[in-house]
Amino acid sequence: MKISLARALGTCFGVQDAIDAALDPSFRDNLTIVGQLVHNPQVVEELRENGVRLVDTVDAEISTPNVMITAHGAASSVKESLEARGFTVYDASCPLVLKVHNRVSALVEQGYFPVVIGQRHHVEVRGIVGDLEEYEVLGDPDEVGRLEGRSRIGIVCQTTQQVEHARGIVDAIHRRFPDIEVQFIDTICRPTKDRQEAVRELADRVDLMIVVGGYNSSNTKKLKKVCDDRGLEAHHIERPDQLEPEWFRGRSHVGITAGTSTPHAVIDSIYRRIQELADELAREASAD
Ligand code: SF4
């Protein structure tokens, strides 16, 4: 059984930079991260082991002098309120998320009603819309009716959206409101697109895909969806001990992909475990 890795997979530069900053020894026991720095259980565990505290929202009790905004970004009002409470704020927002914030502000200045394609409750989306007076978040094409009555809309995307899904929503807007003026800015980030393109290429060559990443990782779920949409069997796992030997029986070529918050050490451990299972199956077959 052959095992292939997608040509682009795992931790992106934005997530890696934020993890490196949070693990800086000078922050030991005096840093709180607001919101999940990355949607990955192994990384969260490593941070906790290094004395980093994690809270879900800015309203939580914070007992350290330093507070970090995650790679997902936050609204300026959130940063300002933390500073007003006396904390030193370290902003680990990914530059590609900040680019979305800037694009939205520019659209609003130009008189467009801002629309974000993404998950309404995701921390990144909350950061994008957090300073806006009015906006709409669309997660599916069947939600475009919410734009009724708008004449000029400016659309951006959560950086980890699936490309086809976002385009499907834009097409649905054009169909439902042919007279509306639409300015669409594709802000899905390059690392996300690379991983989606790579999983598509690999999906054409394999008969099973293992998708590695946190169960709460938006972009990891999108990688699995790419496989599901093509009818390719795919399993989303977080750890090597979740691999079921039966998945691999009779397979000739297995692919591995991983979301932008999955550390390469985790991918390596999954690869090694699949190799062990392949060896066991080969031994079984030769003993028959
Ligand atoms: S997924 Fe994209 S936007 Fe998010 S941290 Fe990584 S590079 Fe930045």
Side-chain angles (χ1 to χ4, degrees), residues 6-24 33-44 46-47 52 54 68-76 78-79 89-106 116-130 137 139 155-167 184-200 211-226 236 238 257-267:
R7 66 168 170 77
L9 80 174
T11 316
C12 61
F13 76 92
V15 166
Q16 193 57 55
D17 287 354
I19 296 168
D20 292 347
L23 291 176
D24 188 301
I33 296 177
V34 180
Q36 277 209 351
L37 174 56
V38 290
H39 294 128
N40 184 274
Q42 289 94 335
V43 175
V44 169
E46 188 184 1
L47 290 165
V52 176
L54 302 148
M68 182 176 276
I69 301 292
T70 74
H72 295 301
S76 302
V78 167
K79 295 177 206 167
V89 179
Y90 291 85
D91 190 351
S93 303
C94 174
L96 301 184
V97 172
L98 294 178
K99 199 164 133 190
V100 186
H101 288 223
N102 294 337
R103 292 297 178 95
V104 172
S105 302
V116 181
I117 293 177
Q119 297 158 277
R120 180 172 293 272
H121 300 294
H122 191 282
V123 62
E124 180 188 323
V125 174
R126 291 205 310 266
I128 295 169
V129 302
V137 179
I155 309 173
V156 296
C157 306
Q158 182 182 347
T159 55
T160 51
Q161 284 292 290
Q162 193 192 1
V163 176
E164 292 81 2
H165 181 71
R167 289 199 185 124
F184 172 55
I185 304 176
D186 176 358
T187 52
I188 299 169
C189 73
R190 179 38 60 194
T192 292
K193 285 180 176 164
D194 285 346
R195 281 149 188 72
Q196 289 177 12
E197 283 162 17
V199 76
R200 242 178 257 121
V211 183
V212 190
Y215 291 136
N216 53 356
S217 159
S218 161
N219 75 90
T220 305
K221 286 187 224 168
K222 302 285 186 308
L223 294 176
K224 178 161 186 305
K225 188 168 183 307
V226 168
H236 179 175
E238 292 185 336
T257 183
T260 53
S261 50
T262 310
H264 288 278
V266 175
I267 299 168

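Whatever order the structure lists them in is the order used to number ligands and atoms, beginning at 1. Throughout, residue positions are numbered sequentially from 1 according to the sequence presented.
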Novice: Please name the residue in the list Lys225, Gln196, Arg200 that meets the side chain to side chain donor-acceptor pair (under 3.5 Å) test with Glu164.
Specialist: Arg200

Novice: Could I get the full list of side-chain contact (heavy atoms from CB on, under 4.5 Å) partners for Asp17, not counting sequence neighbours?
Specialist: Phe13

Novice: I'd like to check the side-chain hydrogen bond (donor to acceptor under 3.5 Å, both in side chains) partners of Asp186; sequence neighbours left out, ordered by chain and number.
Specialist: Lys193

Novice: Please name the pair of heavy atoms, one in Val125 and one in Arg120, separated by the smallest distance, quoted to 0.1 Å.
Specialist: CG1-O, 4.0 Å

Novice: Who pairs with Asn216 by side-chain hydrogen bond (donor to acceptor under 3.5 Å, both in side chains), at least two apart in sequence or on another chain?
Specialist: Gln36

Novice: Tell me, which protein N/O/S atoms are under 2.8 Å away from atom 2 (Fe) of ligand 1?
Specialist: Cys189 SG

Novice: Give a yes-or-no answer on whether the side chains of Ser218 and Gln119 include a donor-acceptor pair shorter than 3.5 Å.
Specialist: yes

